[in-house]
Amino acid sequence: MEEENEVVKTFAELGVREELVKACERLGWKNPSKIQAEALPFALEGKDVIGLAQTGSGKTGAFAIPILQALLEYVYDSEPKKGRRPDPAFFACVLSPTRELAIQIAEQFEALGADISLRCAVLVGGIDRMQQTIALGKRPHVIVATPGRLWDHMSDTKGFSLKSLKYLVLDEADRLLNEDFEKSLNQILEEIPLERKTFLFSATMTKKVRKLQRACLRNPVKIEAASKYSTVDTLKQQYRFVAAKYKDCYLVYILSEMPESTSMIFTRTCDGTRFLALVLRSLGFRAIPISGQMTQSKRLGALNKFKAGECNILVCTDVASRGLDIPSVDVVINYDIPTNSKDYIHRVGRTARAGRSGVGISLVNQYELEWYIQIEKLIGKKLPEYPAEEDEVLSLLERVAEAKKLSAMNMKESGGRKRRGEDDEESERFLGGNKDRGNKERGGNKDKKSSKKFKR
Amino acid sequence: MAPNATGVLKRHRSHEKFDKKRDTKKHKHVEKTIVSNPSTDSPEESSIEAESEAMVYREPTQYQNLLVSLGSSNKVVADMNKRRQREEEGKSDTEEDEDDEDEDEEENSGSDDLSSTDGEDDKSQGDDQETLGGLTDDTQEDNDNQSEEEDPDDYETDEEVHELSTNGQSFVDASSSISAFSEHLSHKLSSEEVETLPKGKWKFKWESPAFDMPNCKWKGTSENFLDGIQSDAPYGLKPKLYNHWLQLYKKCGGKDLDSSKRRKFFSICNSYLDILHSNKKPFYHCGSDEDSSAMDAYLMHSLNHIFKTRDLVKKNESKIAKHRETSEEEILSDDGFLDQGFTRPKVLILLPLRSIAFRVVKRLIQLTPESQRVNVEHLDRFNDEFGCEEDTDDCDGEKTTSKNGNSIKQKSSKPSDWQALFGANNNDDEFMLGIKHTRKSIRLYGDFYSSDIIVASPLKLHMAIGAAEENKERDVDYLSSIEVLVIDHADIISMQNWSFLATVVDYLNRLPTKQHGTNVMRIRPLYLDGHARFYRQSIILSSYLTPEMNSLFGRHCLNYKGKMKMACEYKGVLEKVLLPVRQIYERFDAASITQVDDARLEYFTKKIFPKIKDSVQGGVMIFIHSYFEFVRLRNFLNTQNTSFCLLGDYAKNADISRAREQFFVGSRKIMLYTERAYFYKRYKIRGIKNLILYSLPERKEFYPEIMNMLEEGSHDMMSTALFSRFDMLQLERIVGSTSAKRMITSEKNMFAFC
């Protein structure tokens with residue numbers, strides 16, 4: 001693939017203040033990401049910004065840095081009153097569709113703002129409200145919230161209001177509008193000042209997002225990192241056309257080639273996640289499933305196993321992975337090709353985040369070719385083929401077939417999808433399961449060669 | 001360790017058992033519904049405020065017209081007019097000074113929507129009265145309205161009264177009086193303090209003689225302030241409170257408030273240190289003067305605290321009202337508006353009995369200036385539920401001598417202290433009362449979240465805490481923002497269940513579990529940071545000291561200001577033993593306080609019991625301090641097939657009568673009697689020939705009382721008392737401090753007094 005040749009500007013060259021440049025350096029942000037490079041000049045200039053940006057593209061920095069810079073300027077450029085500089089509470093508010101994402105955003109704000117004594121509060125559901133009320137009483141500069149809980153506090157916590165708000169961020173706006181936040185969001189937007197800067201970020205542009213943009217932003221600058229539906233440059237995307245009956249072999253082959261990498265494998269059905277996880281486990285991989293049929297607590301339990309590194313392979317559906325704060329993974333594998341092209345963007349957005357590199361691989365069988373073509377149209381480019389020697393792949397056929405047979409029996413015994421309780425039992429088995437990993441049986445020059453390709 | 005652990009558990013269980021039984025016997029059991037009353041701004045309120053402001057705004061014009069017209073026709077009125085103008089100039093100066101102070105000070109807390117509402121009501125009432133009044137009333141009411149117009153109104157009123165005072169105090173004193181209160185709450189804890197305070201390690205650095213107590217002295221941490229104590233009125237009190245107190249004192253025959261005990265103790269309270277006063281002579285031991293002095297002092301301190309809290313909040317409220325447009329932003333940027341806690345109650349007074357609460361609350365009402373108690377809501381209910389039929393008071397809130405005499409005549413068999421506590425009085429130990437002070441009235445029985453002061457018994461609060469733990473709907477968040485804790489008559493609480501008190505104190509100043517309508521942007525940082533317990537002043541008053549009080553004071557009172565406590569020398573009560581009893585004291589050794597119980601039982605079973613078990617004559621009384629010890633001893637005697645009877649904490653009256661009879665006629669040779677049972681019942685026992693004090697009584701008066709119950713005429717009257725070096729506090733009160741020290745350190749372990 002041909003790399004674009006662009007002159008990369010530094011944060012300082014984009015107009016970021018020295019204190020914040022140092023903060024970025026401390027966080028290991030060597031250079032601004034594409035979305036940051038495009039958004040920062042306009043945002044620092046004081047314009048509203050709408051950014052088309054995927055998860056992992058660095059959009060949090062694209063709105064956090066301008067907010068912190070404005071806060072610093074507000075504090076240091078104002079006339080001190082009674083010998084004290086202003087210490088503005090509720091200077092900025094970030095709305096997020098999930099609590100996990102909210103916590104992540106808050107952590108980044110706190111990391112960037114540590115040197116300037118930034119106070120950040122997180123208002124999300126499922127956390128004790130009184131603790132949050134106390135956090136509000138301490139007058140945080142920045143609030144990161146899910147809309148429902150924020151509205152609870154705006155309506156019930158006496159003394160709290162966002163009447164002095166200067167910056168509003170709508171992060172992942174398409175998800176904010178697709179989930180059940182529309183009512184809360186409207187209530188919030190009616191209460192906050194019209195005189196404010198607004199940043200809106202979304203991975204996709206939908207009618208609702210466009211409508212929200214018209215209602216909330218004034219003369220926004222529109223930023224598109226590369227194309228309307230784009231993936232980040234550090235993401236290496238590959239495909240492999242395979243016969244349906246050999247797809248499992250190819251999956252096992254790919255995973256064997258990168259044994260310590262963290263991976264997410266996407267399937268289309270809930271049963272698919274469980275079956276595939278069982279197959280992989282019986283072959284010695286540390287895999288765990290997440291599906292919509294699992295309870296929220298089970299899902300979070302599985303996710304915690306994954307985060308803690310006890311399992312490095314997460315098998316999931318699009319629905320199940322939605323709303324979960326899954327850390328950036330090394331590899332995303334589309335075992336089943338999504339029928340909605342846009343879901344592909346979300347899937348591969350799980351890797352190559354915030355400037356890090358990542359790999360996305362799609363296994364396309366003869367029935368999925370049409371969907372795959374739609375994806376290539378959407379992202380605007382043809383992807384290179386994943387290199388693999390078919391002979392090596394098919395040498396796994398017998399072992400994989402045996403594992404599939406055993407797993408199918410396992411699925412029957414557990415009663416399939418009939419009852420959620422048994423599903424939980426299944427999860428328990430995974431959560432407490434075997435940590436051993438099977439040894440690779442191959443060696444020789446070919447392995448080395450393949451390994452080099454991925455480390456590249 | 002295992003036996004001790006078991007013992008501790010047993011002790012706790014038995015105490016709970018005790019109170020459960022007592023609960024079933026209660027006749028007055030009033031369930032108070034704890035109603036959370038969050039207040040939200042409403043258009044109606046805004047409208048009311050607007051109307052009130054409009055009314056107030058119209059007043060000056062009419063008033064000035066009136067003055068002008070009157071001035072033109074009457075010389076006297078003209079003179080009054082001139083004087084008023086002069087005073088107005090004075091007020092202007094005052095206002096400027098106060099503005100300067102406002103900028104510097106961070107002050108007090110207390111939540112106040114409801115207070116604001118009441119303020120509006122007060123204004124309405126004022127206006128109504130004006131329209132109905134004559135010339136004199138008009139003048140008076142105009143004066144009030146004039147005060148209301150100014151900011152802050154309370155300072156204006158105080159200043160005026162101040163200038164009229166015969167003591168002629170200057171405003172400088174009033175200014176300095178703010179400092180103790182605001183200085184205390186505006187202190188910012190260092191991280192070192194936050195780390196050190198919870199450890200409860202205190203070094204008492206100074207000593208100073210206690211006023212009017214030759215045998216006692218104060219000890220304190222930090223610096224000795226007693227020498228520099230304010231000697232000029234009003235000693236840190238709000239002038240209005242001071243003047244009222246002075247008049248009240250004079251009316252009761254007091255001559256010099258300045259040099260009185262109550263004034264001096266007030267100044268100690270106003271230091272905001274934690275205080276442990278363990279030698280207060282209680283009213284029921286003919287110590288009414290000393291008792292009421294201490295009570296006056298802590299009540300005056302409590303009133304001062306809540307009134308200053310209210311002053312600050314109201315001042316800030318009026319600032320906010322003036323700048324309604326920008327008030328939101330002002331609140332967020334100005335620390336001066338951080339004036340409240342999580343909840344409104346700021347003072348908690350813990351008392352053992354309703355009759356005592358009755359005395360305290362009545363005195364609190366008396367000590368409130370007349371203009372602030374025009375109306376006392378629910379006073380009738382209070383008198384019904386806390387008072388008793390025969391009650392009458394003189395101006396100090398004490399019973400008249402004649403009434404007391406009558407009581408004595410009626411039941412002469414019981415000592416006067418029992419009569420005073422349990423005779424005709426309401427001695428229920430389960431109560432909780434919220435008291436709210438507004439501009440012109442006092443409300444009793446308000447809901448706790450609207451109250452300034454809570455007066456309660458440890459038992460009731462312990463029950464409320466238990467209910468809150470079982471049911472999340474309920475809470476005790478009204479304990480979250482207590483700034484002044486008073487525990488009075490701790491010696492009686494010690495005769496109840498001390499662990500309940502410890503639980504209550506442990507629950508103070510925790511973060512609340514719910515929101516209660518407080519404006520979260522006006523909560524003091526010390527509350528938000530979870531440091532309120534380091535700002536809570538605790539004042540503990542008792543007639544004697546126990547290890548449990550020391551422990552509570554040392555480990556649960558963590559006020560950053562430091563501590564002061566009383567240390568006393570005792571002469572003992574042996575001279576009150578009227579009978580020629582040979583009193584033997586035997587010391588047993590224990591390695592640590594946790595082993596005292598086992599060591600005591602072992603010593604008794606090996607050294608004492610063999611002497612009495614085969615006694616032919618009987619008449620052996622074993623007096624035991626605690627119920628836990630009672631249970632262990634009873635179990636031991638059961639294993640020995642000994643003839644004995646019981647007078648324990650939970651004995652029924654019929655069983656008691658039978659036991660006393662059996663003991664007297666000698667069919668039961670040994671009787672066990674606990675201190676708590678004696679405290680509540682004061683049964684006289686006939687037929688005692690040999691008295692064994694298994695453990696020493698806490699209450700020193702009980703020692704001679706029990707000793708004097710021995711059968712007179714018996715030629716071999718004797719008593720034996722067991723003690724260890726960990727019983728120093730009880731021992732010194734009985735035999736005197738000098739003898740006690742000698743007995744603890746002597747190589748001998750046996751001592752005799754005749």
Side-chain angles (χ1 to χ4, degrees), chain A residues 71 74-93 117 119-123 127-143 145 149-167 191-196, chain B residues 36-42 99-100 102-106 109 111-114 116 316 320 324-343 472 475 477 480-481 510-532:
Chain A
L71 178 62
Y74 184 91
V75 170
Y76 289 107
D77 298 350
S78 298
E79 287 290 326
K81 285 183 179 178
K82 304 176 182 175
R84 293 176 60 239
R85 296 192 178 281
D87 190 17
F90 317 129
F91 186 81
C93 178
S117 302
R119 294 188 300 272
C120 190
V122 181
L123 309 180
I127 307 295
D128 177 54
R129 276 185 57 172
M130 193 61 213
Q131 292 295 323
Q132 291 174 358
T133 300
I134 290 170
L136 289 174
K138 297 183 180 182
R139 305 175 169 195
H141 305 105
V142 175
I143 291 174
R149 179 50 68 94
L150 175 62
W151 179 248
D152 286 347
H153 280 285
M154 288 175 73
S155 55
D156 291 339
T157 297
K158 188 176 174 219
F160 170 59
S161 81
L162 293 177
K163 290 178 183 174
S164 59
L165 192 74
K166 301 288 191 290
Y167 279 82
E191 290 289 320
I192 61 182
L194 296 176
E195 292 292 323
R196 64 169 199 266
Chain B
S36 175
N37 189 5
S39 180
T40 54
D41 289 329
S42 67
D99 286 345
D100 291 339
D102 293 343
E103 293 179 0
D104 296 331
E105 290 167 358
E106 287 184 347
S109 61
S111 84
D112 234 342
D113 239 15
L114 294 172
S116 173
N316 285 336
I320 291 168
R324 197 176 299 276
E325 296 279 321
T326 60
S327 63
E328 202 89 23
E329 205 142 330
E330 284 292 320
I331 290 177
L332 288 180
S333 62
D334 190 339
D335 285 357
F337 291 100
L338 298 172
D339 53 12
Q340 296 172 37
F342 291 117
T343 53
K472 285 186 179 178
D475 61 73
D477 288 348
S480 67
S481 307
R510 295 188 174 192
L511 296 179
T513 59
K514 303 187 188 76
Q515 299 180 170
H516 296 279
T518 302
N519 185 326
V520 75
M521 291 303 125
R522 296 183 58 185
I523 296 178
R524 291 179 179 273
L526 67 95
Y527 286 101
L528 301 169
D529 294 336
H531 294 159

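FYI, side chains are in, hydrogens and waters are out, and symmetry mates aren't considered; it's all heavy atoms of this structure. In what follows, every chain begins at residue 1, and chains take the letters A, B, ... in the order their sequences are listed.
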Problem - Heavy-atom check, side chain of A:Met130 versus side chain of B:Leu511, under 4.5 Å - result: no
Exercise for the section: Work out which heavy atom in A:Arg139 is nearest to a heavy atom in B:Leu338; give both atom names and the distance. Expected result: NH2-CD2, 3.2 Å
Exercise for the section: To the nearest 0.5 angstrom, please state how far the CZ atom of A:Phe160 sits from the CD atom of B:Gln515. Expected result: 10.5 Å
Completion exercise
Rounded to the nearest 0.5 angstrom, the CE-OG1 distance for B:Met521 and A:Thr157 is 8.5 Å
Handout entry: Engaged part of B:Pro512 at the chain A interface, taking heavy atoms whose separation is under 4.5 Å
Key = both
